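Read the structure below first, then the notes.
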Amino acid sequence: MRLQSSIFEEVSLLFRGELSDPLLEGVTVTTLELSPDGRHARIGFTLPPERQESGPAPVEEALDRATGFIRSQLAVGLNLKRVPNLRFVCVGVAPRLLATDGQGDES
């Protein structure tokens with residue numbers, strides 16, 4: 001369980017700052033399930049609301065392209081000899097948040 005939690009944290013950090021593909025902006029990692037033998041990780045993610053219309057396919061393609069980078073960063077960041085194979089699965093669309101930055105209604 002500790003390894004699963006560490007991998008989840010590391011992948012979440014990568015999504016927040018290291019992945020430069022614009023298709024992955026706003027994508028959030030929500031779950032990570034590590035197989036009992038540690039060879040496979042199933043990572044659930046949510047799409048940002050603005051990507052709902054295009055669906056998960058473009059994001060899944062971008063994640064396929066980024067998988068090698070993500071695995072290499074996991075190997076370095078967690079000092080892993082064997083990094084699990086990663087499979088990304090869309091689990092939904094993130095709820096739209098209310099604007100809190102002063103934009104919107106000006107009374």
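None of these values were measured; they are calculated from a predicted model.
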Pairwise side-chain contact, Leu13 with Arg16, heavy-atom cut-off 4.5 Å (strictly under) | yes
Can Ile7 be reached from Val91 by stepping across I, L, V, M, F, W or Y side chains whose heavy atoms are under 4.5 Å apart?
-> no
Is it true that Leu78 and Leu14 fall in one hydrophobic cluster, defined by side-chain heavy atoms closer than 4.5 Å?
-> yes
Check against side-chain contact (heavy atoms from CB on, under 4.5 Å), Leu80 and Leu3 | CA-CA 10 Å; Leu80 297 176; Leu3 178 59; 3.8 Å; yes
Point-to-point distance, once rounded to the nearest 0.5 Å, from CG of Leu86 to NE2 of His40 | 11.0 Å
Keeping the roles fixed (side chain from Glu60, backbone from Phe88), state whether a donor-acceptor pair exists under 3.5 Å.
-> no
Is there a donor-acceptor pair closer than 3.5 Å between any side-chain N or O of Glu10 and the backbone N or O of Leu74?
-> no
Within-4.5 Å side-chain heavy-atom neighbours: Ile70 and Leu19 | yes
Are there more than 12 heavy atoms of other residues, nucleotides or ligands under 6.0 Å from atom CG of Asp37?
-> yes
Where the side chain of Arg71 meets the backbone of Val83, is there a donor-acceptor pair that is under 3.5 Å apart?
-> yes
Is atom CD of Gln52 surrounded by more than 12 heavy atoms (other residues, nucleotides or ligands) closer than 6.0 Å?
-> no
Do you know the tightest heavy-atom contact between Leu47 and Gly55?
-> CD1-C, 3.8 Å
Can you check whether Pro84 reaches Leu34 side chain to side chain, under 4.5 Å on heavy atoms?
-> yes
Solution key, residues 21-29 side-chain donor-acceptor pairs under 3.5 Å, sequence neighbours excluded:
from, atom 1, to, atom 2, distance (Å)
Asp21, OD1, Leu23, N, 2.8
Asp21, OD2, Arg65, NH2, 3.1

Exam field: side chain Arg51 to backbone Pro56, donor-acceptor pair closer than 3.5 Å = no
Backbone N/O of Gly44 and side chain of Thr31: donor-acceptor pair under 3.5 Å = yes
Inter-residue atom distance Ser35.OG - Asn85.CG, 0.5 Å rounding = 9.0 Å
Check the hydrophobic clustering (I, L, V, M, F, W, Y; side-chain heavy atoms under 4.5 Å; chains of links allowed) and say if Phe69 and Phe8 are grouped together.
-> yes
